[in-house]
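These figures come from a predicted structure and were not determined experimentally.
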Amino acid sequence: GSAGDNVDYRVNLVQVRDRNYDPDKEYELTFTVRGSEYGSETQTMMIRGDEYEPYEGSASTRSGVKITATVKSIEEF
């Protein structure tokens with residue numbers, strides 16, 4: 001096959017819009033990253049209030065394919 005592009009990416013949390021969200025508690029956000037030529041992967045990040053550590057990864061993609069992240073769940077930790 002043709003050679004793919006190696007990309008580094010960062011998953012940032014844009015906003016939380018859930019009336020059950022308590023900023024004083026810690027949550028585990030589970031999300032799926034898609035776009036790698038090796039298939040999708042599931043990752044997590046911890047959130048407390050407005051603080052979280054962005055997920056950083058790298059992937060090999062086919063030329064022109066975008067990396068996307070979709071939330072699967074958010075649970076109180």
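Checked by atom type, the side-chain pair S60/E37 shows a donor-acceptor distance below 3.5 Å.
Judged as a salt bridge (charged side-chain N to carboxylate O under 4.0 Å, His left out), the pairs with a partner in residues 64-77 (not counting sequence neighbours) are, in order, K25-E76.
Going from atom CG of L29 over to atom CD1 of I74 covers 5.0 Å, rounded to the nearest 0.5 Å. The CG atom of D22 lies 8.5 Å from the CZ atom of R48; values are rounded to the nearest 0.5 Å. Remark: E26 CD to E51 CD distance equals 10.5 Å, nearest 0.5 Å.
Residue S58 comes nearest to D8 through the heavy atom pair CB-OD1, 3.1 Å, listed as atom of the first residue, atom of the second, then distance. The minimum heavy-atom distance between T32 and S40, with the atom names listed, is CG2-CB, 3.8 Å. The shortest heavy-atom contact between M45 and P54 is CE-CA, 4.4 Å.
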Practice item. Evaluate the criterion side chain to side chain contact (heavy atoms under 4.5 Å, CB included) for residue pair Q43 and F31; output intermediate values, then yes/no. Key: CA-CA 6 Å; Q43 298 293 339; F31 57 96; 3.5 Å; yes
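One N or O on the side chain of Y52 and one on the backbone of L13 form a donor-acceptor pair closer than 3.5 Å. Y9 places no side-chain N or O within donor-acceptor distance of the main-chain N or O of T68, the cut-off being under 3.5 Å.
V65 and I67 are members of different hydrophobic clusters when ILVMFWY side chains are connected at heavy-atom separations under 4.5 Å. Criterion: ILVMFWY side-chain heavy atoms under 4.5 Å apart, direct or through other members. Under it, F77 and Y55 are not part of a common hydrophobic cluster. In the hydrophobic clustering of ILVMFWY residues, with side-chain heavy atoms under 4.5 Å counting as a link, V11 and V71 come out together.
Other residues, nucleotides and ligands contribute only 12 or fewer heavy atoms inside 6.0 Å of the CG atom of D50.
Scanning for salt bridge (Lys or Arg N to Asp or Glu O under 4.0 Å) contacts around E56 gives R10, with sequence neighbours left out.
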